[in-house]
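Taking it in order: structure first as structure tokens, then the write-up.
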Amino acid sequence: ATPRDQLVIGMNMNNLLSLDPAGATGNDVLGVVANLYDYLVELDPHDLSKVHPALAERWEIAPDGMSLTLTLRGDARFQSGRALTAADAAWSLQRVLKLNLAMASPWKSYGFSAGNAERLIQAVDARTLRITLPEPTDPKMVLYTLGTSVSAAILDRDTVLSHEKNGDLGAAWLLTHAAGSGPYALTEWRAKDAMLLDRYDAYWRGPAKLRRVVMRHVPESLSLRFMISRGDVDLAAGMAGPDIEALRHDASAVVQPVLRGTSYYVAVSMKDAKFADKRVRLALRKLIDYDGINKAIMPHYGVAHQRPVMIGLAATLPDPGYKLDVPAAKKLLAEAGYPNGFRTTIKVLSDPPMINIATALQGTLAQAGIEASIQSGTGNQVYGAMRDRKFEIVVGRGGGGVEPHPHANLRALVYNPDNRDAAKLTNFQGWRTSFHSQEINRLIEQAVRERDPDTQNAMYREVQQLYDSEVGAIQPISQMLETVVLSKRVHGYVGHPSATTHLRDVYKD
Amino acid sequence: MITVNELALSFGSGGQRNKVLNEVGFSVKEGEVFGLVGESGSGKSTVLRCLAGLYSHWEGEMAIAGQPLGRKIDRERCRLMQMVFQDPYGSLHPRHTVDTALSEPLKIHKMDNIGERVRQMLLKVGLNESFRYRYPHQMSGGQRQRVAIARALILEPRILLLDEPTSALDVSVQAEILNLLAELRARDGLTYILVTHDLGVVVHLCDRVAVMQQGRIVDTLDSASLSNGGATHPYTRSLVDATRSYSREMAAV
Amino acid sequence: MKAFWARAGTMRTRLLSTLATLCGLLVLTFFIGRVMPIDPVLSIVGPDADASTYQQAAARLGLDQPLWMQFGRYLGELAHGNLGTSLLTGNAVSADIARVFPATVELATLAIVLGVLAGVPLGVWAASRRGRLVDHVVRVISLAGHSTPVFWFAMMGLLVFYAWLGWAGGSGRIALMYDGAIPSVTGLLLIDTLLAGNWDAFANSVKHILLPACILGLHSMAYISRMTRSFMLAQLSQEYILTARVKGLSEAAVIWRHAFRNILVQLLTIVALAYGGLLEGAVLIETVFAWPGFGQYLTNSLLLGDMNSVMGCVLLVGVIFVTLNLVSDALYQVFDPRMH
Amino acid sequence: MTAAPKPDAAPATPPSPRAAGPATAGSALRESLRRALRHLLLNPMTLAGLIVILLLIAVACFAPWIATHDPLRQDLAATLQAPGAAHWFGTDEYGRDTFSRLVYGARTTLYIVGLVTIVVGPVGLAVGATSGYFGGWVDTLFMRITDIFISFPSLVLALAFVAALGPGLEHAVIAIALTAWPPIARLARAETRTLRKADFVAAVQLQGASPLRILVRHIAPLCLSSVLVRLTMNMAGIILTAAGLGFLGLGAQPPSAEWGAMISAGRRYMMECWWLVAMPGAAIMVVSLAFNLLGDGLRDVFDPRS
Amino acid sequence: MTNTETKLEVEDLSVRFATRDGLVDAVRGVSFKLGREKLAIVGESGSGKSTVGRTLLKLHPASARIDARVLRFGDTDLLQAGEKQMRAIRGQRMSMIMQDPKYSLNPVMKVGDQIAEALVAHESGRRLPRAEVRERVIAMLEQVRIREPQRVYERYPHEISGGMGQRIMIAMMLIPNPEVVIADEPTSALDVSVRAQVLSVLDDLVGQRDLGLVFISHDLNLVRHFCDRVLVMYAGRVVESIAAADLDHAQHPYTRGLLAALPSIDVRRPALPVLQRDPAWLTN
Ligand SMILES: Nc1ncnc2c1ncn2[C@@H]1O[C@H](COP(=O)(O)OP(=O)(O)OP(=O)(O)O)[C@@H](O)[C@H]1O
Ligand SMILES: Nc1ncnc2c1ncn2[C@@H]1O[C@H](COP(=O)(O)OP(=O)(O)OP(=O)(O)O)[C@@H](O)[C@H]1O
Ligand SMILES: [Mg+2]
Ligand SMILES: [Mg+2]
């Protein structure tokens, strides 16, 4: 059994590669960074549209919507003992842009760049941070980014700079170290083995309830399941569906699902002549067994959802009710000139549930005569091919979704301002699939600038309808559920839909 | 017919260098049977293998019918000279039938009339047609040795190198093989070099004999002088004595 | 003196050919790494990075340079005893390996010891009773051990001995409460806990290692007993065994004092090779038991395209095998009087 | 070093009068085949192995007739059903019939085993025999290459290969083959080195045979038996390696029924649905056991000492 | 040599081997008695000589089936004797000298230790002190005329010559003072020149110790002078039993044929007479 004052988390840590807020990708790192560092604001885990103060006591959006002014608390201290000031906050955000690592991308999408960062992100005084937007956008989006993105963590500038090498702004050091003000400090990290976080006693909110958080690398779901039921792990993340299902009936464990803003989808490349034909895409839409997949495969992985905008936002339209309809699909295929189907390939991550969705899809495609072979691989291989626009079908997962805003989803899945190969808009899945609709693009651009919420929502609804009628290249099937299994002994754990789960209030019997 | 001069050979290199042959020299006349005797490890087989071309790093001179020998086995040398090995179990390929073994050299040398030649040759060594498709394990040692002789003779060489052709065989079989060899020589006028450790065999078959000791030829003499006490060299004498001595010693006990 | 130089000469050629092997290994690994469609840059910047971020990262890693230059640079580093840093985590590869390798060494060593302790007697026993019931039983047991997927054994082991019975320690090398409490001296927990005088921790780490080691050991046992049996059979048909029997020696003396002593060197050689195989890391076992070992490290690095780490690992494995080869040669020298 | 094996230890029987029976090439071959077969059949263990393998081949050949369902037919409404009358071995997570998949999996398994053997045998034999026969620098070169492949972590080689070519059965097979040939080459080399000194090799040399001829016609056939024995022993390893690659998601791709992949996919459900792992697991075990037993039996047939 | 006491009695011994091709008769109905004498068994290869020798020590392979009316050694019925009883006999009371010293000595054991092992194998209860064992081994080595026995004691088999190896084999087999020694072609692997030395060593020791010797050989000329009595075997049967001195007057055509087929160093014949086998030899 685990000690009372420690939280032991079992998870697969293979994708935990870097802790640098400027460059760390992946979901796993969000939960770590959220506890090592503080953000300026936090989103309410129960209602994402509620923004709570964190390091920033309050904030103001300029009436023209072109700047944000945040006022920081005066009592926050870094784990090094230094007082946290607006200069640290400004430097942290500027650093992200200057380094231009992976996490710079949301900021770049607002028009920030390494060149304008120092001018637009400024510490007005020790407690005031002003962020000026380079181009019109919805300032709420920026606020959400400040509350959810790893890149918004506030770093201890002096400590980081003391480890700077060759002007890297401490990037090398921060890969494996942390210098924050969060409730926990990084004590030890053995990659792919264990990570120990110890309580920072002078935390400004008051010390966390548990003395230590231990993350342990347990790559095999079944092993995790045994460990949970034997009480050797308090919290298991990333388990396989069947094991979660089994633990649901285990008296010693609680299953806690959290809906994330990301979707499981089937994407086709419209560079491919077959899929450029709308009828083929429509046929494909009718060849997915949404019900079957969501019932047989997706429990604990996701909930049925067929729209590009995530569930729970005001702008989200109800599901259009797509269904498996082989005869209709066959008819469409025949119209498109493929009465006997065709051959194609499905690229897919070899992890569940993606590989399972792909297998199920393969089965239903076959019913319409489409012979699809599956090529499974690592994320790197699958998304690499997608970025190079070299694929026919990908079964994947994505769609922004950290910020609770339709724009985040649409930007990730639908938006494609420049469809030329040379544009290399590899960060937009719209570009990757070569889906390009002037009208949708225009609406998305307009909506994010619209200051009136009702008009904005109406525009987003219109986008969704257009996407439905134009038969977009990416067909969402489910919205992702992140299911953790908790030991009954653990209390106060609230999984965060943006993955920034705070552990400071977690305690155990 | 055969002349060997100052033949020397070493195995290994550096500290493990082992000089196996030292200034070996002898000559054999056409149609002669030349014996080579000596204790185990004295280099008898090595001399034959050098002559046959199985070793290429020797020094000295060897010539056949006045033609100096090169270091490689060439077609001509094969046609001129063949060898029969001591161990009838090891010198035949265990998975090849007699027919395969005998026709292979003919095929290599692109000779015609293969079937007939094989048949003739089998008859010549005293094996009937029924042996033609047998595998070595289906024959006795003596029969195998006959096949080995047949294989050596099928290219119609002038010289036969015989490395203890009977020492693995029973006396009764040895007699048959020795008779066969004598008969073949008489018929085809072959030249033999015969390695053996049995002086009885030497006396029976050879005209002249060279005695080897530690890689050198220490004595060369007519084989008749072995039986009539004509051997003078002390080592040769000791060999002759040893062949007979147990009787004397035992008699003394 | 002459013998000394001769020996030095053979040592030198030996060394040179060893180096050639290692070089070949490196070249091969390097080029495999570069032709593999796993893009380390993508592993670093993530799937959603834009083009400028991607290019910047690629340039930082020097991946935009020609291949031969990249290789030259690697060799240059290597010549200075530097295995480079992991592309993804920025850790020194040597430090990473120094961390994961002891875990594997510990597991592999225990497994091979168990495998030998069980496999050798079984093999000898089967050989001495060739064709009898014992022989068949041993054969079926060892073949079954050899033919069952190791991960099946691993999971069943976990289920029975960990989840049901609670005898085994489950995943990882040691219970968490000892994590950080044991100063790492050798990296081998069994030894470190003893050095620290912490008996509870020692018992705990024994509890953790025993199950995976037994499962790996079962596999080695199967192989070792098969080989022992066939080596023994070869010896038992030798003449000197008859001599020993003629002397009136007991069967045990004949088998152990005579036949077994003659297979010792061969046996050590195959055990060494099997050990080498285990040191490569049993990735499946390591995955199931969350054993932070070499096999997992290597596999993961490979899947993420972290070729610096992979090169380091391959080099290490190469060195291990070369060393094992040299050791088994040395064993011949020591144990086989014919080699003196 | 072990003592050089004594030459073929067949004892010279006293020449018996019936030694001169009629014999032709065909009958000689038939005779030795018959003996080998009888020996194989007389050993119950070997016989069991042989029967299982024949059964496997039969199952693979007649899969469509033996299978009760379409192995690829999904039914997401009837997933993970326990063994019963409708599905003898239950269904998997897509509602496919496990028994039928197992039956079709025999094809994949045979395919893997066959393909690896076809690649590994000749490559190993060619490299080993050439290396052993010529010795010198050829030997050094070939053995260094073999060393490289032996000391290459086999997983890296396999993974790299699969990664380079993309996952898929053929690529997995090539990858396995790449890691499996060096031991065969070493074996063939050792064998060749003892054979090279044999008198019958010297004899054909003296008849002017070219090295190629000697290697192909004289040496290779003799190495073949031990290589073959070793290969049959390797089969189990091959199936398991393929299963291991499947476990890492690199082996056969869905939906093809491959036993290793079935286990690897089924392991997620194995606590609740034992049949998903137990059935293919048992199949792998029985088949590799059978190959092992057959290998042992073959060794006895070929081993002159027995 | 006197032939007073019968040490070994064999009557109607047959040995069959179960092989892949059924039962093979290796020895058929062999009978003889051995006293304090040197008895030779000769015959061509495969005639069953070694099989007889091994059967006496019950060292035949498991595939052998043994039948005999009488198979007695001293007061022990070998037919009934179990493995334990045989172990007590082997080495201690009856031993065997092997043909080829190169293969018959354990390559990884010092030769001295191998001899010592024969000495201590049978001690029960009282253990000889190590020093005494060594002393006796060295004394034995001296008896077989090995110079520098101290140093030879430390050698490994590959470091000694064939002749020396055979003498070590003799020392090893004679050191426990057995009553009967079987020598299976003890000199056929040796050079002519060494052969005489080894034979004389063996002859000396056998004479001194007064034991029964079964000398297996295929060399009639050798046997003729070395042994007292000769059994001639053909295809598993004893076709003739004759005093060595009378060998020239052998009756059986097989024996005569063997004698005649030997090429002689003294007379040169145009052709050697070849043995004509008579199927009748197999039956009567
Ligand atoms: N390939 C080889 N490599 C190293 N040494 C060799 C080789 N062949 C022969 N020798 C050595 O050469 C010496 C002479 O060998 P050779 O076979 O010629 O002797 P021999 O007179 O034929 O003996 P035997 O009567 O035993 O056949 C021996 O000391 C042997 O060890
Ligand atoms: N283990 C065995 N299995 C089957 N047959 C055997 C076995 N051992 C010997 N034989 C057969 O028994 C017969 C006698 O063999 P044995 O070894 O006694 O002959 P030998 O007279 O000693 O011959 P050599 O002079 O060649 O040593 C032979 O025909 C042989 O094939
Ligand atoms: Mg010789
Ligand atoms: Mg014998």
Side-chain angles (χ1 to χ4, degrees), chain A residues 2-3 6 8 10 14 17-18 23-26 99-102 104-105 108 171-173 175-176 187-188 190-194 196 214 216-220 222-227 229-230 232-233 377-387 396 398 400 412 423-429, chain C residues 36-57 60 85-86 88-91 96 99-100 103 151 154-155 158-159 162-164 166 169-173 175-177 179-180 284 286-293 296-297 299-301 303-306:
Chain A
T2 53
Q6 296 187 14
V8 179
N14 276 338
L17 299 170
S18 154
T25 58
L99 285 174
N100 190 23
L101 297 176
S105 70
K108 286 194 282 186
W173 184 74
L175 278 175
T176 50
T187 308
E188 189 174 354
R190 303 190 301 268
K192 281 146 205 164
D193 180 5
L196 308 186
V214 181
R216 201 151 203 198
H217 176 54
V218 185
E220 186 61 34
L222 195 61
S223 311
L224 254 185
R225 168 170 158 194
F226 293 150
M227 291 176 87
S229 46
R230 283 200 69 81
D232 284 343
V233 147
T378 60
N380 187 321
Q381 287 168 298
V382 175
Y383 295 121
M386 207 177 170
R387 287 167 64 95
K424 280 212 172 275
L425 300 178
T426 48
N427 44 327
F428 295 129
Q429 300 184 46
Chain C
M36 238 168 43
I38 296 183
D39 182 356
V41 181
L42 214 52
S43 302
I44 296 174
V45 300
D48 294 329
D50 63 18
S52 78
T53 301
Y54 180 92
Q55 265 146 20
Q56 190 189 326
R60 192 168 52 79
T85 57
S86 153
L88 303 180
T89 62
N91 291 335
D96 270 352
R99 185 167 57 76
V100 295
F151 53 79
M155 286 178 169
L158 262 188
L159 174 68
Y162 173 66
W164 290 352
S171 295
R173 298 175 71 188
L176 284 164
M177 59 187 114
D179 218 340
L284 299 177
E286 286 179 4
T287 304
V288 173
F289 285 92
W291 198 263
Q296 261 202 79
Y297 178 74
T299 315
N300 253 308
S301 305
L303 288 179
L304 291 172
D306 190 347

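Numbered from 1 within each chain, the chains take letters A, B, ... in sequence-line order. The structure displayed is predicted, hence computed values, not measured ones.
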A:E220 side chain near C:L158 side chain, heavy-atom distance below 4.5 Å: no

With sequence neighbours excluded, residues passing ring pair (Phe, Tyr, Trp, His ring centres under 6.0 Å) with C:Y54: none

So, taking the atom named [atom1] in [X] and the one named [atom2] in [Y], what distance separates them when rounded to the nearest 0.5 Å?
{"X": "A:H217", "Y": "C:N300", "atom1": "NE2", "atom2": "CG", "result": "6.0 Å"}
{"X": "A:L425", "Y": "C:D50", "atom1": "CG", "atom2": "CG", "result": "9.0 Å"}
{"X": "C:T299", "Y": "A:K192", "atom1": "OG1", "atom2": "NZ", "result": "10.0 Å"}

Quick one: what part of [X] sits under 4.5 Å from any heavy atom of chain A, side chain, backbone, both or neither?
{"X": "C:L159", "result": "both"}
{"X": "C:A51", "result": "both"}
{"X": "C:D96", "result": "neither"}

Minimum heavy-atom separation for [X] and [Y], please, with both atom names.
{"X": "A:T25", "Y": "C:V45", "result": "CG2-O, 3.2 Å"}
{"X": "C:M155", "Y": "A:F226", "result": "O-CE1, 4.2 Å"}
{"X": "C:S43", "Y": "A:L17", "result": "O-CD1, 3.7 Å"}
{"X": "A:Y383", "Y": "C:L42", "result": "C-CD2, 4.3 Å"}
{"X": "C:Q296", "Y": "A:P219", "result": "OE1-CG, 3.8 Å"}

Please classify the contact between [X] and chain C as side chain, backbone, both or neither, with a heavy-atom cut-off of under 4.5 Å.
{"X": "A:T426", "value": "both"}
{"X": "A:R216", "value": "side chain"}
{"X": "A:A194", "value": "side chain"}
{"X": "A:R190", "value": "both"}
{"X": "A:A191", "value": "both"}
{"X": "A:T378", "value": "side chain"}
{"X": "A:V214", "value": "side chain"}
{"X": "A:L224", "value": "neither"}
{"X": "A:L222", "value": "side chain"}

Among the listed options C:S86, C:G166, C:A103, the residue most often paired with chain A at heavy-atom distances under 4.5 Å: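 Option with the top pair count is C:G166.
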
Between [options], who has the most heavy-atom pairs with chain C when the cutoff is under 4.5 Å?
{"options": "A:M227, A:K108, A:K424, A:R387", "result": "A:R387"}
{"options": "A:N14, A:N100, A:T187", "result": "A:N100"}
{"options": "A:D193, A:T2, A:N380", "result": "A:N380"}

Heavy-atom donor-acceptor pair, A:Q429 side chain to C:D48 backbone, under 3.5 Å: no

Partners passing side chain to side chain contact (heavy atoms under 4.5 Å, CB included) against A:S105 (at least two apart in sequence or in another chain):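 Checked A:S105 against side chain to side chain contact (heavy atoms under 4.5 Å, CB included); zero matches.
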
